[in-house]
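A short write-up of the structure that comes next.
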Amino acid sequence: MMAGPRRERFDPASYEAKWRERWEADELYVTRDDDPRPKRYVLTMYPYPSGDLHVGHWYAATGPDIVARMFRMRGNNVMFPMGFDSFGLPAENAAIERNIHPATWTDANIERMRGQFKTMGAMFDWTREVIVSDPSYYRWTQWLFLKLYEAGLVYKAMGAVDWCPKDKVVLAREQVEGADRRCWRCGTPVDKRDLEQWFFRITNYSDELLDFSGLDYPEPIKLMQTNWIGRSEGAEIDFPTEVDDIEPIRVFTTRPDTVFGATFMVLAPEHPLVSVLTSEERRADVEAYVAAARRETEIERMSTEREKTGVAIGAHAINPMTQERIPIFIADYVLPGYGTGAIMAVPAHDERDYEFATKHDLPIRYVVAPASGELPEGAAFVEHTDDEVLVDSGEFTGMPAAEAIGAITKQLTEQGLGQPAVTYRQRDWVAGRQRYWGAPIPIVYCDEHGAQPVPEDQLPVVLPTDVDFAPTGVSPLQSHAGFLKADCPKCGGPARRETDTMDTFVDSSWYFLRYCSPGNDEAAWDPEQVAAWMPMDLYTGGAEHGVMHLLYFRFFVKALRDLGLVSFDEPTRKLRNQGQILGTDHNRMSKSRGNVQAPDELVSRYGSDTVRAFLMFIGPWDQGGPWSPSGIDGIHRWLARVWGVGQPDGGGVPAGDAEGDELARALRRATHTTIDAVTEDYEDLHFNTAISKLMELTNAIIREREAGMAGGKAYAEAIDTLLLLLAPVAPHIAEELWERRGHAYSIHQQPWPVADPALAAADTIELPVQVDGKLRDRLVVTPSTPSAEIERMALESEHVQRYLAGRAPLRVIQVPGRLVNVVTPRD
RNA sequence: GGGCGAGUGGCGGAACGGCAGACGCGCCGGCUUUAGGAGCCGGUGUCGCAAGACGUGCGAGUUCGAAUCUCGCCUCGCCCACCA
């Protein structure tokens, strides 16, 4: 270098913005529908416009950007859009706290975040941007709501709903977190409230949502959704009561094989039969218990150490198999919303029933026993294995338990006392919110005709801007006379507008469809475009949406399919979750914790490419972890080295054609093996290992340069390939060096390199030699060296000889191309 | 309490059942520099002068061979949590 020309300093600031402007001016990232190349749709979950992009946003977006960029270089027409999830509580809270209108606050945040996004140099197609709080978008959210309403998939009903007392908002069941039941947004313990609510009938699709066949989803997400839906198979069984003219009590059980052991019954305190069945002498106690259960919040229920409380109601039922009279209780451990809200209690085979029976001195009768006949003492026998048989169960005694489930269910069915049944834990989606900043639910109430959908040609129902945001617990829309006043679509008479707005998850349940034909005034989407782009090829986002957004958007697509609005079953073929970047305190980044890390300073100091590459390098993308910028210097140094070797002067070393040379062959081998390795890593979203392989190639190039090989064909090929493979991760430096090397603009429109297997193949391999599995020596052989020859060489090795100590080997194991293991005789 | 996942150098992390620690950070030494920084070269799992021995949370097992598979335990993380 001493004599070489002075090289230009690595200064990303001198070119990064220049290229972004040029790409934008050239519409390099604008996706055209009529582009004939195969379509690929890559999407990252759009952000809430909280105000500033933090490193987590960069982390989440850079991964799919890399994949999208590679897809495009491979000859695809790639759509990679971005938008904003701009309805929701924080905007309304800002309005309350700072007296800024939610729309103003939101728009300003979007403006700022869009600008920050642009400094990433990602290939977002901003011409397709979707902002869900814009009337041109929520008009169609309302339209879709009405479509589902007409199809009976939306209904309004009274329901005990979770209520956040701080945000003063109804929560969907999925939005309540933790054992102590806190609000997912603010962490406040939630209450229960009885309110009339809008629901989406997601449970119509429970079974279909359990079917993941053909979907490439992470296992944890599939498991989460499966558990959330919570399908249980069993039977419903009717237990007649002694009271005349009253329907029998119907229970759900997954263990019909234990019905002979049902020695009492328990109803949820809310069960409709409680008041009719309760005897006069028990009425006072029962009513007190019911009232107490009603008052109890979920947290209080948790904090009572789960003691099984309950009271007898002074009535009896008949066990349909044993004909025994069994007492009926109410207890809050039986939930009103699951199964039938009533159980047959089998204390011998259910831990909860056992606890209750012990406490109330009720009979415990074992009716299933293991083959050994050994039953547990002082506990329920709940194991459910193959070798169990029924005992003390009338004609079924001796039958294997697994078989008895079907046999007993069959007999009950024939006798009209029961039937096979399936229940689910999943409930319908509470989709309405008593808040202002959301899409208004397009319904009006007429005294004459009740709830009426707003006619399509009157959409959107626009949110009024002149409202009072004082936090009252009711929607500000309730006090807006102009908004409330409406005409009945049916009779034209006076009507009152619905003031509930939609859960923001409704907006995000279809935004990916809107991207396919944004700005369309005629329809929510152009069916032809949706058919061409959907389903998505890759969808990425946080796993925290596992049972919320990621269930809802699947439900929506299935519902829309059944309405004939789309013709596919699932929103995305492939889903991947990035890990979460935590604050330096190892907590989730949040403004209230003050641990939010902004990338801006790092970007201005090191440039976007360095920040992107650093974020992708810190670890497996799906893992995340606490934020620390230590190590970013290493990435910056690497890109500076790339900058050095990528200069057209070959790094200042005079050229000499090294074709055919041993070193040149080694470099070509490195180049071509790197192509395959990096391509595979990008496909699997293993960005950290991809970058380490690019670093290795860079180091190989530098070694070559130092050996005086610069300037040959192999050398130029290595550098060009390095730049092409680097382009998705560090788009600016790749473009700058590509141009400097005299290649045609733009590197991002070049074909993806393809490895030549002949060049990638090694001509010598180093074979580890083990003795009894421990490394003792190495052999250098060619791939064609016969195994007998390898064995001979291994046994001749003096290191191996030492361990053999004159004995003949017991056997010699060879894994072709991998290793040799010499096994010595034992003892 | 149930389910799932993870425990590898000082740190982030690599490793189809086959060379443990790739790549990078940090650190140590050297060159360069008036100095600092940057850059470059070399070293860096532990013990040992070395030969070598020992090493992937702990303990067993399967195997010619285990970070990887099986069983038990410990720790951490996530999800669910009275779901009949």
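This one's a predicted model, so the numbers in the text were calculated from it and none came from an experiment. We name chains A, B, ... by the order of the sequence lines, and we start the count at 1 in each one.
- Base pairing of B:rG17 is not made with any nucleotide, judged by Watson-Crick or G-U wobble geometry with both donor-acceptor distances under 3.5 Å.
- Between B:rG12 and A:S630, no contact under 4.0 Å exists linking OP1 or OP2 to a side-chain N or O.
- Taking atom CZ on A:F614 and atom C1' on B:rC25, their separation rounds to 9 Å, with Å as the unit.
- Nucleic acid contact class of A:I813 (heavy atoms, under 4.0 Å, all strands): base.
- One C1' atom belongs to B:rG21, the other to B:rC54, and the distance between them is 15 Å to the nearest Å.
- Atom CZ in A:F687 sits about 14 Å away from atom P in B:rA14, given to the nearest Å.
- In a base pair of the Watson-Crick type (N1 to N3 plus N6-O4 or O6-N4) or a G-U wobble (N1-O2 and O6-N3), with each distance short of 3.5 Å, B:rA38 is matched with no nucleotide.
- In this structure, A:D772 does not pair ionically with A:K774, as no charged nitrogen and carboxylate oxygen lie closer than 4.0 Å.
- Base contact: A:R427 has a heavy atom under 4.0 Å from a base atom.
- Each of B:rA15, B:rC64, B:rA84 was ranked by its minimum atom distance to the side chain of A:N821; first place goes to B:rC64.
- Residue contacts for A:S232: at a heavy-atom cut-off of 4.0 Å it reaches the sugar-phosphate backbone alone, with no base atom in range.
- Counting only heavy atoms from C-beta on, A:T689 has its side chain closest to B:rA15 among B:rC23, B:rG18, B:rA15.
- Classified by its glycosidic torsion, B:rG9 falls in the syn category, the angle being within 90° of 0.
- A straight line from NZ of A:K774 to P of B:rA53 spans 8 Å, rounded to a whole angstrom.
- With RNA chain B read from its 5' end, the first of the two nearest nucleotides for A:P620 and A:R802 is the one closest to A:P620.
- At B:rA53, one or more side-chain N or O atoms of A:R776 fall inside 4.0 Å of OP1 or OP2 (strictly under the cut-off).
- Under a 3.5 Å cut-off, the side chain of A:R669 and the backbone N or O of A:A762 do not form any donor-acceptor pair.
- Taking 4.0 angstrom as the limit, A:Q770 places none of its side-chain polar atoms (N or O) nearer than this to OP1 or OP2 of B:rC64.
- Contact annotation for A:E351: no contact, since no heavy-atom pair falls under 4.0 Å across all strands.
- Note: CG (A:N227) to P (B:rC4) measures 9 Å, nearest angstrom.
- With rounding to whole Å, A:H271 atom NE2 is found 13 Å from B:rA84 atom C1'.
- Set against B:rG12, B:rG52, B:rC23, the side chain of A:Y803 has B:rG52 as its closest nucleotide.
- Taking all atoms of both residues into account, the shortest heavy-atom contact from A:D257 to A:V367 is O-CG2, 4.5 Å.
- A donor-acceptor pair under 3.5 Å is absent between the side-chain atoms of A:N319 and the main chain of A:F239, judged by distance alone.
- Considering only side-chain N and O atoms, A:R425 lies under 4.0 angstrom from the phosphate OP1 or OP2 of B:rA81.
- B:rC73 and B:rC4 are spaced 14 Å apart, taking the P atom of each and rounding to whole Å.
- Under the 30°/60° scheme for interplanar angles, the aromatic rings of A:F252 and A:Y338 are found to stand perpendicular.
- A:E798 places its CD atom 14 Å from the P atom of B:rA51, with the value rounded to the nearest Å.
- Here A:L223 lies in heavy-atom contact (under 4.0 Å) with sugar-phosphate atoms only.
- Atom name P, nucleotides B:rU68 and B:rG57: the rounded distance is 8 Å, in whole Å.
- Nucleotide B:rA50: unpaired (no Watson-Crick or G-U wobble partner with both distances less than 3.5 Å).
- Comparing the C1' positions of B:rU8 and B:rU75 gives a spacing of 15 Å, expressed to the nearest Å.
- Distance from the side chain of A:H799 is smallest for B:rG52 among the nucleotides B:rG52, B:rA84, B:rG13.
- The backbone N or O of A:G546 lies less than 3.5 Å from a partner atom in the side chain of A:Q225, making a donor-acceptor pair.
- Between the base of B:rC82 and the side chain of A:K308 there is a donor-acceptor pair shorter than 3.5 Å.
- Between A:F10 and A:H636, the angle of the ring planes lies from 30° to 60°, which puts this pair in the tilted group.
- For the OP1/OP2 pair of B:rC25 and a distance below 4.0 Å, the side-chain nitrogens and oxygens of A:R637 include at least one atom meeting the criterion.
- For A:S692, the side-chain atoms get nearest to B:rA22 when compared with the rest of B:rA22, B:rG24, B:rG18.
- Across all strands shown, B:rG55 forms no Watson-Crick or G-U wobble pair with both distances under 3.5 Å.
- Comparing B:rG26 with B:rG37, their P atoms sit 13 Å apart, to the nearest whole Å.
- B:rC40 and B:rC47: their C1' atoms are spaced 33 Å apart (whole Å).
- Taking atom NZ on A:K222 and atom C1' on B:rG3, their separation rounds to 17 Å, with Å as the unit.
- To the nearest whole angstrom, the two P atoms, one in B:rG43 and one in B:rG36, are 24 Å apart.
- Contact check, A:R818 against B:rG65: no side-chain N or O comes under 4.0 Å of OP1 or OP2.
- Within the shown strands, nothing qualifies as a pairing partner of B:rU63 under the Watson-Crick or G-U definition with both distances less than 3.5 Å.
- Picking from B:rA84, B:rC64, B:rA14 the nucleotide with the shortest atom distance to the side chain of A:F252 gives B:rA84.
- A salt bridge does not link A:E696 to A:K693: none of the charged nitrogens lies less than 4.0 Å from a carboxylate oxygen.
- In this structure, B:rC27 forms a base pair with B:rG43, meeting either the Watson-Crick or the G-U wobble geometry with both donor-acceptor distances under 3.5 Å.
- For A:E696 and B:rA14, the CD to P distance is 14 Å, given to the nearest whole Å.
- A:D353 comes within 4.0 angstrom of no nucleic acid atom, judged by non-hydrogen atoms across all strands.
- Because its NZ or CZ atom is not both nearer than 6.0 Å to the ring centre of A:F356 and within 45° of the ring axis, A:K308 does not count as a cation-pi partner of that residue.
- The partner of B:rC76 is B:rG5, by the rule that a Watson-Crick or G-U pair needs both atom distances under 3.5 Å.
- Nucleotides B:rU44 and B:rC11 place their C1' atoms 14 Å apart, quoted to the nearest Å.
- At the phosphate of B:rA14, OP1 or OP2 sits under 4.0 Å from a side-chain N or O atom of A:N688.
- Both A:G625 and A:M344 lie close to RNA chain B; mapped to their nearest nucleotides by heavy-atom distance, the more 5′-ward contact belongs to A:G625.
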